[in-house]
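Encoded as structure tokens, the structure appears first; notes follow it.
This structure is a prediction, so every number in the text was calculated from the model and none was measured.
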Amino acid sequence: MLDTTSRVSPEAAPEPTGAPPTRADFDTLYRAHAAFVWRSLRRLGVREAALDDATQEVFVVVHRRFADFRPGPTEKSWLFAIAQRVASDQRRWLRRKGNLVQIPEQTVAEGHSPYEGALRREASDWLLAFLDQLDDARRDAFILSELEQMTFAEVSSALDVNANTIASRVASARRALVTFLESRGLAPRDGTKEGTP
């Protein structure tokens, strides 16, 4: 497990106010946001085989720093900042170790037909390939705004960037997505409908 506690900036944590959080507060935070952290790590480029460990790593950091945390509207911002650091450390570790063979994820999700599972898997693979080609700034803004449905104001707070800059990054990422899909024959070109000459 990578040690990320010393690298997460203190600015990423909300200012302490009021009574210290309890164990129940930590459990509530975990239940409310574990899926968000897992999705964020995946979209930030963490290998599928390492996602569960990376999610645990984020919450180990949260647990160690929980005395500084006070629940509020900045929970996702704080968690995303920690997830960014963990994902960055994972990518750095992979570069040092070289490309490792990944354990394949089960194709069919529980409760879906094999066809639906294959479609979901293919869509997920395309999305991850697109996110992987974006620069960090546009990827982070796109993940939070488009995939996590956070407002520009929330994304601005999470990334500590002006809301107008966030809007510009998201617009640029949307254009890049259209180009990405068109280059792979997954979207109609020049605004024409598929099948139209």
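Between L134 and A176 the shortest heavy-atom distance is CD2-CB, 4.1 Å. Of all heavy-atom pairs between A34 and T55, the closest is O-CG2, 4.2 Å. Across all non-hydrogen atoms, the minimal contact from A54 to L41 is C-CD1, 3.6 Å.
Using modelled atom types, no side-chain atom of S168 and backbone atom of N164 make a donor-acceptor pair closer than 3.5 Å. With hydrogens and angles disregarded, no donor-acceptor distance shorter than 3.5 Å links the side chain of S88 to the backbone of Q84. Checked by atom type and distance alone, the side chain of R85 never pairs as donor or acceptor with a backbone atom of A81 at under 3.5 Å.
One distance of note links CD1 of I82 with CZ of R64; it measures 11.5 Å at 0.5 Å rounding. Atom CG in L44 sits 5.5 Å away from atom CG in D140 (nearest 0.5 Å). With values rounded to the nearest 0.5 angstrom, M150 atom CE is found 7.5 Å from S157 atom OG. Taken from CZ in F36 to CG in L144, the straight-line distance is 5.5 Å, to the nearest 0.5 Å. A distance of 13.0 Å separates CG in L51 from CD in Q56, rounded to the nearest 0.5 Å. Put simply, CD on E148 and CD on E154 are 11.0 Å apart, with the number rounded to the nearest 0.5 Å.
For the side-chain contact (heavy atoms from CB on, under 4.5 Å) test, residues two or more places apart in sequence or in another chain that qualify with T28 are R31. The salt bridge (Lys or Arg N to Asp or Glu O under 4.0 Å) test applied to D52 returns no partner, not counting sequence neighbours. Taking Y30 as the reference, F59 meet the ring pair (Phe, Tyr, Trp, His ring centres under 6.0 Å) condition, with sequence neighbours excluded.
Sorted by first then second residue, the ring-ring contact (aromatic ring centres under 6.0 Å, His included) pairs that include residues 136-167, not counting sequence neighbours, are F130-F142. Applying the salt bridge (Lys or Arg N to Asp or Glu O under 4.0 Å) rule to pairs touching residues 162-174 yields E146-R174, sequence neighbours excluded. Contacts classified as salt bridge (Lys or Arg N to Asp or Glu O under 4.0 Å) and involving residues 125-136 (residues at least two apart or in different chains) are given here: R121-D125, D135-R138, D136-R139.
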Requested in this report: Would you check, one step at a time, whether the test side-chain contact (heavy atoms from CB on, under 4.5 Å) holds for V58 with W38?
Outcome: CA-CA 9 Å; V58 168; W38 191 92; over 6 Å; no

**Report entry** Residue pair V62, V37: steps toward the side-chain contact (heavy atoms from CB on, under 4.5 Å) verdict
**Finding:** CA-CA 12 Å; V62 169; V37 169; over 6 Å; no

Query raised in the report: Can you check side-chain contact (heavy atoms from CB on, under 4.5 Å) on R39 and L147, steps first, answer last?
Result: CA-CA 9 Å; R39 286 191 312 269; L147 304 179; over 6 Å; no

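Residues V46 and V86 are not in side-chain contact: their nearest non-hydrogen atoms beyond the backbone lie 4.5 Å or more apart. Side-chain atoms of E57 and D53, non-hydrogen and from C-beta on, never get closer than 4.5 Å to each other.
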